[in-house]
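Notes follow once the structure below has been shown.
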Amino acid sequence: MKRKVAMLVEPRRFEIFEEEIPAVGDDDILLRVISAGLCHSDAPNYLGTGGTAPDRFGNARRCEKLSYPMRLGHEPIGEVIAVGKNVTKFKEGDYAGGCIFDAFATHLVAPASQLAKIPKDVRNLKYCLAEPLMCVCNIVKVANPLFGETAAVVGCGMMGMMTVAGLSKSGAKEIIAIDFDNSRLAWARKFGATRTINPKETDLDQAIYDLTDNAGVDVVVELTGRLAGLRTASSIVRIPEYYGYKGRGRILIASLYGTQEMWDPTIGYYLLSRSPMLQSTHPWYSKDIMQDLENGIWAYETGLMPLDQIITHEFALEEINRAFEVMLSGDPGYIKGTILF
């Protein structure tokens, strides 16, 4: 049995190949892929500027010299069409999703232990992207603003909007969404932001001063993946008391920061003077990724994180080159895209 798979053969160019589907091991399942989300974390590989590879000790490290062809994609949803003899978690006809690499393919073989079950009757099944929902659940659990504290989300892309949605059920007194695009801020209000700020139109420093009585924001989630976003986060986080400790603010950095940028010394001064705790809340921060996968599916199923409302683009596998170019175009109308099979 064969499958089609998109592989990156050089920077900015995928080709579609046909190959035999790998054998299904005793602990594996075979998925017929329904959809696979597009993720900005694949952008450095796509552009040829870098990626992640094991070093000589077997640990993940940035790699500037990439090898081709390369398999990308890690946000699949699929129907189970075969199971290994040891698998009891799934049966044929079930649906599953998770963080499985090589996802831009019509079929995937993966360990059953790394996938979570998706209810068959969930609305818009093809948009229940378990992997990014898992990432958001991890972020929201770590952010965990205490009752009466303030929280802010810098950057209202897909991850930012779903983080706002997740925080909307917390005890935060204020959930502040910050973005340069007013349409995205409107979405953030719909998902639970109590305040929205467009720094191009509003004095950000004054707004935070007024909202927090000059205390600064207790928990800031930075989701732009750019130093400009980190500068914003570090400029609004809680201001420490020089005499008398009243707690430290926190900045969650959940984005990739995979672009070449010149360091902004202003960030250094903010980090020095405010001394926040920085938490790198990538999936590996999670204490239980499988639990967060299941929580993400639950959050989608219950409407807490309605990811289906902000899927703006769909592409066929044969359109994958255009899909990546659209994702990286900077078009404010793009929020989240998927490859549909």
Side-chain angles (χ1 to χ4, degrees), residues 3-19 31 33-53 60 62-78 97-108 126-136 155-162 179 181 184 223-226 229 254-261 282-283 307-308 310-341:
R3 70 172 185 167
K4 288 184 178 180
V5 57
M7 287 192 274
L8 192 69
V9 296
E10 63 183 22
R12 302 185 96 128
R13 187 165 74 88
F14 281 95
E15 287 187 6
I16 308 299
F17 294 84
E18 191 174 87
E19 63 183 19
L31 292 178
V33 180
I34 296 170
S35 68
L38 297 164
C39 180
H40 279 86
S41 67
D42 280 335
N45 301 78
Y46 175 72
L47 296 172
T49 58
T52 301
R62 183 172 185 269
C63 175
E64 294 184 0
K65 188 175 181 179
L66 302 178
S67 298
Y68 301 96
M70 181 187 301
R71 301 170 187 268
L72 296 178
H74 54 272
E75 299 182 5
I77 298 170
C99 182
I100 303 297
F101 294 91
D102 189 21
F104 296 139
T106 56
H107 297 78
L108 283 177
K126 62 184 178 180
Y127 298 147
C128 184
L129 300 174
E131 195 277 345
L133 289 165
M134 173 271 289
C135 294
V136 176
C156 293
M158 181 279 291
M159 296 285 287
M161 290 184 194
M162 292 299 96
D179 200 278
D181 185 86
R184 295 191 174 206
L223 284 166
T224 70
R226 305 300 295 268
S255 295
L256 180 63
Y257 299 97
T259 57
Q260 292 282 357
E261 293 187 86
H282 292 265
L307 179 57
D308 54 326
I310 52 173
I311 302 288
T312 54
H313 290 68
E314 297 177 345
F315 304 92
L317 183 64
E318 291 73 18
E319 299 177 293
I320 191 168
N321 288 292
R322 185 169 74 86
F324 267 76
E325 291 297 328
V326 171
M327 180 180 72
L328 298 175
S329 67
D331 178 1
Y334 178 94
I335 299 176
K336 180 68 173 178
T338 62
I339 302 294
L340 296 184
F341 296 87

Do [X] and [Y] have side-chain heavy atoms sitting under 4.5 Å apart?
X      : Y      : answer
Tyr334 : Thr312 : yes
Arg3   : Glu19  : yes
Leu307 : Val136 : no
Ser41  : His74  : yes
Cys156 : Asp181 : no
Thr338 : Lys126 : no
Thr49  : Gln260 : no
Phe17  : Val9   : yes

Got a second to check how far [X]'s [atom1] is from [Y]'s [atom2], nearest 0.5 Å?
X      : Y      : atom1 : atom2 : answer
Asn321 : Glu15  : CG    : CD    : 8.5 Å
Glu314 : Tyr127 : CD    : OH    : 3.0 Å
Met327 : His313 : CE    : NE2   : 12.0 Å
Ile335 : Ile310 : CD1   : CD1   : 5.5 Å
Ile320 : Phe14  : CD1   : CZ    : 4.0 Å
Met7   : Asp102 : CE    : CG    : 8.0 Å

Shortest non-hydrogen contact from [X] to [Y]?
X      : Y      : answer
Tyr68  : Gly48  : OH-CA, 3.8 Å
Leu108 : Ile100 : CD1-CG2, 4.1 Å
Pro44  : Gly258 : CG-O, 4.0 Å
Arg184 : Pro332 : NH2-O, 3.3 Å
Ser35  : Leu129 : OG-CD2, 4.0 Å
Pro76  : Gly98  : CD-O, 3.2 Å

| task | Could you give me the CA-CA distance, side-chain angles and deciding distance for Leu328 and His40, then say whether side chain to side chain contact (heavy atoms under 4.5 Å, CB included) is met? | result | CA-CA 8 Å; Leu328 298 175; His40 279 86; 4.0 Å; yes
| Does atom CZ of Arg226 have more than 12 heavy-atom neighbours, drawn from other residues, nucleotides or ligands, at distances under 6.0 Å? | no
| message | side chain to side chain contact (heavy atoms under 4.5 Å, CB included) for Phe104 and Leu38? Distances and angles first, verdict last. | response | CA-CA 9 Å; Phe104 296 139; Leu38 297 164; 4.0 Å; yes
| request: Start with the C-alpha gap between Arg62 and Thr52, add the side-chain angles, then the distance that decides, and say whether side chain to side chain contact (heavy atoms under 4.5 Å, CB included) holds. | output: CA-CA 5 Å; Arg62 183 172 185 269; Thr52 301; over 6 Å; no
| query | Is Arg322 reaching over with its side chain to a backbone N or O of Phe315, donor-acceptor style, under 3.5 angstrom? | reply | no
| said: Show, in sequence, the C-alpha distance, side-chain angles and deciding distance for Tyr46 and Glu325, and conclude whether the side chain to side chain contact (heavy atoms under 4.5 Å, CB included) test is met. | reply: CA-CA 10 Å; Tyr46 175 72; Glu325 291 297 328; 2.7 Å; yes
| Inter- and intrachain pairs under salt bridge (charged side-chain N to carboxylate O under 4.0 Å, His left out), touching residues 329-341, at least two apart | Glu75-Lys336
| query | With sequence neighbours left out, what residues match Tyr257 under side chain to side chain donor-acceptor pair (under 3.5 Å)? | reply | Glu222
